[in-house]
Each structure stands twice: as structure tokens, then as C-alpha cells.
Amino acid sequence: MKYFKAIYPLLLVLFFACNNSSIKKEDTIVSKLKITDSLERVEPPNWFVGFKNTSLQLLVKEPNIGNFTPSISYEGVQIKKVHKATSNNYLFIDLVISEKTKPGKFNIVFTATGTSEKVHTYELKDREKSPEKYVGFNSADVLYLITPDRFANANISNDIDISMKEKTIDRKDDYARHGGDIKGITNHLDYIDSMGFTAIWSCPLLVNDMKKSSYHGYAITDLYKIDPRFGTLKEYRELADKAAEKGIKLIMDQVANHCGSEHWWMKDLPFNDWLNYQENFEKNGTLITSNHRRTTNQDLYASKVDAAQNTKGWFVNSMPDLNQKNPFMAKYIIQNSIWWIETIGLSGIRQDTYPYPDKEFMSNWAGAIMAEYPNFSIVGEEWSYNPLLIGYWQKGANNRDGYESNLSSTMDFAMQKKIVEALNEKESWDTGLVKIYEGLANDFHYASPKDLLTFPDNHDMSRIFTQLNGNITLTKMALSVHLTLPRIPQIYYGTEILMNDFNKPGDHGLIRTDFPGGWQNDVVNAFDGTGLTSSQIEMQRFLKKLLNFRKSSKAIHTGKTVHFAPVNGVYFLFRILEDEVVVTIINKNDNPLKIDLNRFNEIGLQGKIVKNIITDATIRWSDSLSLTSKGSIILTTKL
């Protein structure tokens with residue numbers, strides 16, 4: 001007993017010393033980890049803890065990596081299965097990351113008999129915010145679409161990158177790079193905010209290491225890297241953060257259908273079916289392009305050969321078609337989208353060429369994203385003028401084939417075309433403004449009309465000012481309609497200063513003209529108004545006034561819609577929510593006209609004061625209204 005009492009203090013000291021040593025070892029294990037990323041590629045480059053879906057599939061690219069066996073020793077991370085590819089230079093590793101896994105770094109050790117082991121350090125990061133806080137865009141927003149290479153050049157040092165295949169810059173060439181970058185957008189957030197835009201949709205910013213004409217961003221050659229001529233990943237995140245400080249959401253343009261022909265994997269494809277029609281391409285260089293018959297997605301009578309060529313054909317010769325039926329490709333694309341949402345803090349995704357990939361995959365892709373981010377938004381591009389096709393792709397559509405897209409929004413090309421026709425055509429029973437009236441009547445077909453994306457133009461079509469033959473009044477009328485419809489509006493950069501493509505209508509290079517003032521020594525600066533014509537200033541002020549009014553108009557955001565068939569070249573559209581009423585009047589008459597307002601008594605405006613949101617003039621809604629000239633008038637009961 002005396003012996004025990006004598007050594008007891010010593011045992012106690014040793015116990016706590018050992019215990020403290022253990023704690024310190026656990027706390028410093030990451031700091032003592034030898035960090036290495038010697039492998040050619042591991043993608044995604046990192047991941048995050050806390051997802052509902054606890055699976056992760058790593059693509060590993062390294063010479064002869066197929067001869068190696070990976071192992072991981074990190075609590076909460078387990079290798080479920082290892083897949084060899086057709087190419088011995090790839091491995092696909094299925095991981096399970098438990099819900100209790102802590103963020104941190106760990107080594108993936110690759111071993112093979114008679115060969116030195118390979119080690120790659122991988123990181124699981126903590127998520128910066130809860131999934132519910134990734135709030136998407138909606139009908140309260142107005143998106144500002146930007147082609148980054150043509151908006152503003154803030155960093156001339158990244159204009160040319162000698163490591164890239166296209167090594168020149170030439171602002172005189174509509175299809176060359178001009179030097180616009182991410183920093184150029186960030187530097188002009190004050191302008192974007194003051195104009196009244198609440199979200200930015202930028203054309204793709206990822207690496208497009210193509211030999212020429214890669215400025216547009218849609219021929220991606222690395223799905224995990226920002227093109228250095230646009231900037232850095234840090235600058236992209238900075239754009240998102242600084243935009244968020246102003247209440248501006250950031251939407252990423254993504255491409256699931258195809259990649260650029262210079263994509264890094266094209267020199268060593270992992271599987272024999274990584275691409276569609278891959279065998280033709282590899283054997284004799286034959287390229288089978290898409291027939292672009294997008295209706296085969298819904299056509300009850302479509303032949304198999306037509307359907308296959310739409311979905312499997314290459315979009316163009318320089319854009320290989322990705323095979324989403326390959327389960328590894330499918331997983332790769334889904335994980336890539338989620339990685340960008342988390343890494344940048346996105347508010348939405350615009351998905352390019354939506355009807356071209358495998359439609360079952362696209363349902364799974366959108367479903368996987370929305371399962372993790374219930375308040376997120378995705379808009380898909382369906383370039384169709386048929387409302388039946390547009391509505392097919394929206395979540396909740398009552399499709400005969402039972403297809404559920406999981407897609408919150410589609411692009412309303414049908415309404416875009418109807419508005420242009422309505423304003424350009426002469427008035428008659430079935431031409432002119434009735435095109436808007438009947439176009440909006442198609443809303444009964446859509447699962448959620450207010451979640452469709454409407455737009456006067458975009459980066460792939462003639463500028464609205466060109467479509468309306470250079471008529472400023474008609475352009476204002478078009479904007480008035482788009483911005484008061486039950487829709488999510490998108491405006492292309494430069495619309496506010498009447499940018500056009502008159503010299504070569506429809507030419508993509510000209511449509512994507514440089515925004516004046518975005519480059520050093522520009523004589524005209526649209527950001528501060530220097531050198532603008534009176535017409536450009538007038539349009540800029542008009543749109544600014546309308547956009548900023550729209551910001552606070554709940555009636556436009558979510559109100560009831562009532563419209564009246566056009567009579568004598570005049571169309572009335574009402575948006576109503578509680579005591580707020582917004583009235584859009586489109587008048588195509590050059591001569592003065594008196595309107596009998598008793599026709600609109602059901603709206604309940606009799607005797608009320610309404611204000612013109614552009615001029616601030618007020619009138620009392622009475623029995624009649626005199627319209628003195630062609631144009632649009634937007635009235636509100638909010639004084």
C-alpha cells in the first residue's frame with residue numbers, strides 16, 4: 001500500500017502526459033502531413049463535407065495508374081470501389097464520406113508491386129453556409145447577361161497567355177479575343193447595381209484553350225479551371241462576394257452537352273464510349289454532327305436514327321459530344337456543377353443547349369443539384385418558338401411520357417419572337433399586338449409561367465435594336481413588355497445604349513461588341529456617359545428608371561396578371577397585388593387617340609391617382625385617357 005501511494009503521483013503524471021500527447025498529435029496531424037499533388041490530375045480537386053449524398057467519385061489521371069491500388073486512412077472516409085478504365089492511365093475511385101466526417105486533408109496512397117508508391121493529398125473542406133442559403137433567381141430579379149471578353153478589360157497583363165494556343169488579341173477582329181476579364185465585371189458592379197440589375201449571368205469563364213475564336217467560352221477544355229485570360233479562381237470568387245454585398249446574384253453558364261476539341265482528355269480518352277460517336281472519330285476522324293432535331297425528345301413518332309443524331313451528334317466539329325450514358329461521365333458532370341456552386345457560392349446555373357444531352361441524365365443532373373440546394377435556380381436553354389416544347393422541360397409539366405425534368409426554368413424564346421413580331425407587324429385581326437396577347441395566353445400550358453426566362457435578345461441573336469430596325473420607340477416598348485410580364489427578365493449588356501449589329505445582322509462577333517468604356521483610352525464611356533449620343537443617354541436613363549422601379553414592385557414580381565385584347569393598336573396589361581396595380585400600355589398609333597377606360601373597370605382603378613414611372617407625372621384614372629403618340633406608358637398606384 002505504501003509502495004502504491006509512493007508511485008501514484010508518478011502514474012498520474014504519466015497518464016496526463018500520455019493523454020495530452022495524444023490530443024496534441026490529433027490536433028497537429030494535418031500540419032505534419034506531407035502535402036503532395038504529384039499526380040497529373042485528381043478531380044474534383046477537393047470536396048466538401050455535409051452533403052446529403054455521401055458518395056464521391058474521384059477521377060485520377062496519371063501514367064499507368066491502372067496498375068496501382070489506392071488506400072486511404074482518414075476517419076469517416078472509405079473507399080467503396082475502384083474502377084479501372086479502358087485507358088490504363090485512369091482510375092475512378094468511389095468514396096463514401098460519412099455524415100460525421102470532419103474537414104481536413106489526407107493522403108491517398110497508390111501502391112503497386114515492384115513500383116514506388118504514389119501519394120496525393122486530398123482535402124475535404126467545410127461548407128461555408130447551409131444549403132438553404134443558396135437562394136436562386138426568381139421573378140423579382142432582372143439578369144444582366146455579359147460576354148466577359150467584350151465587357152471590360154481591367155487587367156491588361158492577362159490579355160495574352162503564351163501557354164495558350166491562341167496567343168493574340170485584336171479588338172478590330174470580331175472573332176478574336178479582346179481582353180475583357182472577370183476583374184472588369186467586378187470593377188463595374190456599381191454601374192450594374194445602379195442600373196437596377198439584381199443578377200449577373202456571365203457567359204462561360206472556364207478554360208477554352210482552342211486555336212482560334214475561343215473568346216465566347218463555350219468550347220471548354222478544362223472543366224475545373226478559370227481561363228487565365230479571364231483571371232483566377234480567386235477573382236471569380238471575389239466577383240461573387242462583392243456582388244452579394246450589393247444584393248446581386250451570380251449565375252454560372254455551364255455546358256453539359258459538349259466540350260472543346262482541345263480538351264485535355266481528347267488525347268487520352270478514359271473509355272471507348274466517353275464521347276458519342278467516339279469510334280468514328282478515333283478510327284477515321286469522321287465527325288457526325290447533330291441534326292439539331294430537338295423535337296425528337298418529345299415526338300411520339302420520331303425514328304431512332306433521328307433521335308440518336310440529335311442527342312449523340314457533335315454540336316459542331318470543334319465541340320465533341322459528351323456521352324452522359326457513360327456512368328462515369330454522368331457522375332463527373334454532376335459533381336463538377338456542385339463543386340462550382342460550393343466553391344464560388346453561386347445563386348444559379350444557366351445550362352447551355354439543354355435538349356441536346358441525354359434527357360434522362362439531365363433530369364438526374366438537375367435533380368441532384370436541387371436535392372442539395374432546395375432554393376437554388378437552374379434555367380435551361382431550349383431554343384424553340386413552340387410553347388409546347390418550352391413547357392416540356394419545366395419542372396411539374398404534365399408530360400404524356402411522364403418525363404420530369406427537375407428544371408425550375410426554361411428560356412422563353414416563343415415570347416421573345418412574339419414581341420418582336422407584334423411591334424414590327426401592321427395591326428390587323430391576327431397580326432401586330434395580338435401576337436403578345438395570344439402568346440401570353442399560352443401560359444396555361446406552363447407549370448410555372450413566372451419562372452420562365454424572357455429576354456429581348458441574347459448573345460446568339462441580333463440585338464433587339466437591330467430586330468426592331470433601329471426604332472428607339474419600339475425598343476422601349478419591347479423592354480416595357482419584357483420587364484412587366486409574369487416572367488424573369490434578362491437583358492444583354494449594351495441594350496441600355498442601343499448596341500446593334502446593323503453592319504452584319506446576326507453575326508455573332510458583331511453582336512458581342514465591346515462595351516464602350518471598358519478599355520483604357522476608349523473615347524466613349526457608357527459607364528459614366530462620356531461620349532454617348534443623346535439617344536443612347538435617353539435609352540440608358542429609361543431602362544435605369546424602369547429597372548429600379550421594378551426592384552420594389554411586388555405586383556410585377558408575383559402579382560396577378562390581367563390583360564385585354566388589343567383594340568385599335570393599343571394593348572393594356574395589368575399586374576395586381578393587393579393595393580398595388582401596375583399598368584403597361586403599348587400604343588402603336590402615331591396620331592393622338594382617346595381610350596375609353598370604362599372597358600377596364602374590373603381592375604378597380606376608377607378615381608385613383610396613378611403615376612407614370614418614367615416621367616413621375618400623375619393623373620387620375622377616370623373615364624378616358626388621351627394617348628398623344630406611339631410608345632409605352634407604365635403607370636403605378638404606388639406614388
Side-chain angles (χ1 to χ4, degrees), residues 144-161 166-197 200 202-203 213-217 229-231 235 239 456-459 461-473 475-476 479 491-547:
Y144 194 48
L145 168 57
I146 294 173
T147 299
D149 182 64
R150 307 297 169 87
F151 186 64
N153 186 0
N155 182 6
I156 60 174
S157 67
N158 66 14
D159 287 356
I160 296 175
D161 189 314
E166 188 175 13
K167 305 180 190 298
T168 59
I169 186 169
D170 184 0
R171 290 185 66 194
K172 294 180 180 179
D173 183 347
D174 288 338
Y175 286 87
R177 285 187 170 267
H178 293 188
D181 47 39
I182 295 170
K183 195 70 175 174
I185 302 174
T186 305
N187 286 356
H188 292 101
L189 284 172
D190 284 344
Y191 169 80
I192 296 169
D193 181 44
S194 67
M195 280 296 299
F197 297 103
I200 295 170
S202 161
C203 291
S213 302
S214 61
Y215 71 93
H216 52 70
R229 293 162 294 190
F230 287 142
E235 288 175 331
L239 169 61
D457 56 23
N458 63 24
H459 59 298
M461 60 169 57
S462 274
R463 293 277 183 168
I464 186 61
F465 192 46
T466 303
Q467 292 184 57
L468 295 173
N469 305 306
N471 189 306
I472 296 173
T473 299
T475 303
K476 287 182 179 179
L479 292 170
I491 305 294
Y492 194 28
Y493 81 98
T495 296
E496 67 268 35
I497 54 166
L498 302 172
M499 283 172 62
N500 62 77
D501 52 303
F502 291 133
N503 290 339
K504 291 182 287 184
D507 182 81
H508 283 188
L510 186 57
I511 290 167
R512 304 157 186 172
T513 301
D514 293 349
F515 193 80
W519 279 254
Q520 292 180 7
N521 304 318
D522 277 0
V523 175
V524 178
N525 188 337
F527 294 114
D528 63 15
T530 302
L532 292 179
T533 66
S534 58
S535 295
Q536 289 176 314
I537 292 172
E538 177 189 348
M539 179 58 72
Q540 194 176 47
R541 289 175 177 172
F542 171 82
L543 188 56
K544 183 176 182 178
K545 198 78 180 282
L546 177 49
L547 289 173

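Only a predicted model underlies this, so the values are computations on that prediction, with no experimental measurement involved.
T466 pairs by the side chain to side chain donor-acceptor pair (under 3.5 Å) definition with D501, not counting sequence neighbours. Annotation: ring pair (Phe, Tyr, Trp, His ring centres under 6.0 Å) contacts of F527 (sequence neighbours excluded): F151, H188, Y191, F515. For K545, the salt bridge (Lys or Arg N to Asp or Glu O under 4.0 Å) partners two or more places apart in sequence, or in a different chain, are D616. For the side chain to side chain contact (heavy atoms under 4.5 Å, CB included) test, residues two or more places apart in sequence or in another chain that qualify with D190 are K246. When the side chain to side chain donor-acceptor pair (under 3.5 Å) test is applied to D507, the partners found at least two apart in sequence or on another chain are Y175. When the salt bridge (Lys or Arg N to Asp or Glu O under 4.0 Å) test is applied to R150, no partner is found at least two apart in sequence or on another chain. In this structure E235 satisfies the side chain to side chain donor-acceptor pair (under 3.5 Å) test with no other residue, sequence neighbours excluded. Partners of R177 according to the salt bridge (Lys or Arg N to Asp or Glu O under 4.0 Å) rule, which considers only residues two or more places apart in sequence or in another chain, are E166, D227. Here D159 pairs with nothing under the salt bridge (Lys or Arg N to Asp or Glu O under 4.0 Å) rule; sequence neighbours left out. For Y493, there are no side chain to side chain donor-acceptor pair (under 3.5 Å) partners, not counting sequence neighbours.
The structure places CG of N155 at 7.5 Å from CG of N153, a figure rounded to the nearest 0.5 Å. For the atom pair K167 NZ and R229 CZ, the distance stands at 9.0 Å (nearest 0.5 Å). For the atom pair CD1 of I200 and OG1 of T186, the computed distance is 8.0 Å after rounding to the nearest 0.5 Å. The CG atom of D149 sits 7.5 Å away from atom CG of D514, with the distance rounded to the nearest 0.5 Å. Note that CE of M195 is 7.0 Å distant from OH of Y144, once rounded to the nearest 0.5 Å. K544 contributes atom NZ, which lies 15.5 Å from atom CE of M539 (distance to the nearest 0.5 angstrom).
Within the 3.5 Å criterion, the main-chain N or O of S534 finds no donor-acceptor partner in the side chain of Q536. Formation of a donor-acceptor pair under 3.5 Å by the W519 side chain with backbone atoms of G179 is not found in this model. Listed for the Q467 side chain is a donor-acceptor partner under 3.5 Å among the backbone atoms of S462.
R512 places none of its side-chain heavy atoms less than 4.5 Å from the side chain of H178. Side-chain contact between N158 and F230 is absent, with no heavy atoms from C-beta onward closer than 4.5 Å. Looking at T495 and L479, their side chains come closer than 4.5 Å, going by heavy atoms from C-beta outward.
In terms of heavy atoms, K504 sits closest to D174 at NZ-OD2, 3.8 Å. Across every non-hydrogen atom of I537 and L532, the tightest pair is CG1-CB, 3.7 Å. Counting all heavy atoms, side chain and backbone alike, T147 lies closest to C203 at OG1-SG, 3.7 Å. In terms of heavy atoms, S535 sits closest to L498 at O-CD1, 3.8 Å. Closest approach of I464 and P456 over heavy atoms only: CD1-O, 3.6 Å. Considering every non-hydrogen atom in both N500 and T513, the closest pair reads O-OG1, 4.4 Å.
Identified under the salt bridge (charged side-chain N to carboxylate O under 4.0 Å, His left out) test for residues 534-543, with sequence neighbours left out: K476-E538. Legend: salt bridge (charged side-chain N to carboxylate O under 4.0 Å, His left out) pairs involving residues 515-534, not counting sequence neighbours, sorted by first then second residue: R171-D522.
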Original post:
So T473 and L468, side chain to side chain contact (heavy atoms under 4.5 Å, CB included) or not? Walk me through it.
Top reply: CA-CA 9 Å; T473 299; L468 295 173; over 6 Å; no

